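The model shown is predicted, which means the values in this text are computed figures rather than measured ones.
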Amino acid sequence: MNHDIDLIEQALSKSLPGRDCMEKDVIDAMEYSLMAGGKRIRPRLVLAFCRLCGGSSEQALGCACAVEMIHTYSLIHDDMPCMDNDDFRRGRPSCHKQFGEATALLAADALVTAAFEVIANAKLSAESRIEAVQLLSKGGGDRGMLYGQELDKRFETMRASESELLELHAHKTGALIIAAVELGCAAAGVKADTAIRKSLVRYAAEVGLVFQIVDDILDV
């Protein structure tokens, strides 16, 4: 697993744009958050499930970087005053505290577009790259993580039922974890309608639920 993290860290660093330009502050903010460490669970899932399906880590690296970029942009937004208003992330000032709100907002937006550029340039077939774009868009967008964040904001001021809480967790955390697993499958060339991929998606959904429950308990 340490080898996977090394691969991911190197690939993420290489995916950032050069600084010899006028938007240096935005790029510094992108790097500040993207390279802040963490467990790298989502990109590690991409690599692991690509190998499980007969592919290689190298095949999946582009997808792994892309999903971590989407995750990082969501953390930058989560920390901002209009959302969770957190001053610290991983033991140091949040991106907006370090660089200001405007630069942090732009850095997060830049990570979104960079994620899809990385996929577009991934060393995969055109078919796999198109599928990867679809998976990441769904997992990170208004049918996935963003919808979960909207539900999270709603239930800050009202009590959620059990079904509503499960819906929140399934989207806020589960959707991007499912996307990570499916990205690994897609990078290995495993089709969405195969039995193994359907089983892996069910597994990912359960992992996402457990992950969010544990995270909420730790917050309390």
Side-chain angles (χ1 to χ4, degrees), residues 8-9 11-19 21-46 61-122 132-154 156 168 171-180 183 208 211-212 215 219:
I8 291 162
E9 297 296 332
L12 285 172
S13 181
K14 290 178 181 177
S15 69
L16 289 165
R19 288 180 176 75
C21 56
M22 292 184 69
E23 69 266 28
K24 180 181 182 299
D25 289 348
V26 170
I27 297 168
D28 285 345
M30 291 169 69
E31 182 184 47
Y32 180 83
S33 293
L34 185 64
M35 304 306 296
K39 297 178 284 294
R40 305 298 194 199
I41 288 172
R42 291 154 191 83
R44 287 166 68 183
L45 284 172
V46 177
L61 264 179
C63 293
C65 288
V67 77
E68 187 68 0
M69 286 175 164
I70 294 293
H71 176 57
T72 302
Y73 113 78
S74 75
L75 298 181
I76 295 174
H77 279 190
D78 275 353
D79 290 340
M80 294 185 74
C82 61
M83 295 289 283
D84 291 344
N85 195 23
D86 287 325
D87 290 346
F88 292 91
R89 168 72 62 179
R90 292 170 179 159
R92 61 179 186 168
S94 302
C95 190
H96 72 277
K97 299 300 290 186
Q98 185 75 12
F99 294 92
E101 289 183 34
T103 298
L105 181 66
L106 291 172
D109 293 346
L111 284 168
V112 177
T113 53
F116 291 102
E117 182 180 5
V118 168
I119 286 180
N121 293 323
V133 168
Q134 293 170 332
L135 291 168
L136 196 57
S137 299
K138 180 181 178 182
D142 60 349
R143 291 171 294 165
M145 180 185 68
L146 285 180
Y147 174 50
Q149 289 176 318
E150 193 274 333
L151 290 176
D152 196 29
K153 294 297 292 181
R154 179 190 304 175
E156 283 181 356
L168 190 163
H171 289 84
K172 182 184 175 184
T173 302
L176 207 56
I177 287 179
I178 290 172
L183 284 166
F211 187 92
Q212 186 58 53
D215 196 50
D219 281 345

> What residues, two or more places apart in sequence or in another chain, satisfy ring-ring contact (aromatic ring centres under 6.0 Å, His included) together with F116?
Replying inline: none

> Distance from L136 atom CG to L176 atom CG, nearest 0.5 Å?
Replying inline: 7.0 Å

>> side chain to side chain contact (heavy atoms under 4.5 Å, CB included) for K153 and Q149? Distances and angles first, verdict last.
In response: CA-CA 6 Å; K153 294 297 292 181; Q149 289 176 318; 5.7 Å; no

>> I need the minimum non-hydrogen distance between D142 and Y147, along with the two atoms involved.
In response: O-CB, 3.2 Å

> Looking at A180 and V67, what are the two nearest heavy atoms and their distance?
Replying inline: CB-CG2, 4.4 Å

>> Restricting to non-hydrogen atoms, name the atom on V46 and the atom on C63 that form the minimum distance, rounded to 0.1 Å.
In response: CG1-CB, 4.0 Å

> Say you draw a straight line from CG of L45 to CD1 of I178; how long is it, rounded to the nearest 0.5 Å?
Replying inline: 11.5 Å

> Tell me, do L105 and M80 make a side-chain contact under 4.5 Å, heavy atoms counted?
Replying inline: yes

>> Looking at every non-hydrogen atom in both residues, tell me the closest pair between A107 and A29 and how far apart they are.
In response: CB-CB, 3.6 Å

> How about E117: does its CD atom have over 12 heavy atoms from other parts shown lying under 6.0 Å from it?
Replying inline: no

>> Looking at every heavy atom in both D25 and T103, which two are closest together, and how far apart are they?
In response: O-CG2, 3.7 Å

> Do I70 and V112 come within less than 4.5 Å of each other through their side chains, counting heavy atoms only?
Replying inline: yes

> Taking C-beta and beyond as the side chain, do Y32 and R89 meet within less than 4.5 Å on heavy atoms?
Replying inline: no

> Does the side chain of I8 come within less than 4.5 Å of E68's, by heavy atoms?
Replying inline: no

> Atom CE in M30, atom OG in S15: separation rounded to 0.5 Å?
Replying inline: 7.5 Å

> Is there a side-chain contact between S33 and F99, using heavy atoms and a 4.5 Å cut-off?
Replying inline: no

> Is there side-chain contact between D86 and D78, with at least one heavy-atom pair below 4.5 Å?
Replying inline: no

> Rounded to the nearest 0.5 Å, how far apart are CG of L183 and CZ of R42?
Replying inline: 12.5 Å

> If you round to the nearest 0.5 Å, how far is NE2 of H171 from CE of M145?
Replying inline: 12.0 Å

> Passes side chain to side chain contact (heavy atoms under 4.5 Å, CB included), E156 versus D84? Steps please.
Replying inline: CA-CA 10 Å; E156 283 181 356; D84 291 344; 3.6 Å; yes

> Nearest heavy-atom pair of L135 and A179: which atoms, and what distance?
Replying inline: O-CB, 3.9 Å

> How many angstroms lie between CD in E31 and OG1 in T72, if you round to the nearest 0.5 Å?
Replying inline: 12.0 Å

> Any side-chain heavy-atom pair from I41 and H71 closer than 4.5 angstrom?
Replying inline: no

>> Which residues pass the salt bridge (charged side-chain N to carboxylate O under 4.0 Å, His left out) test with E9, not counting sequence neighbours?
In response: R40

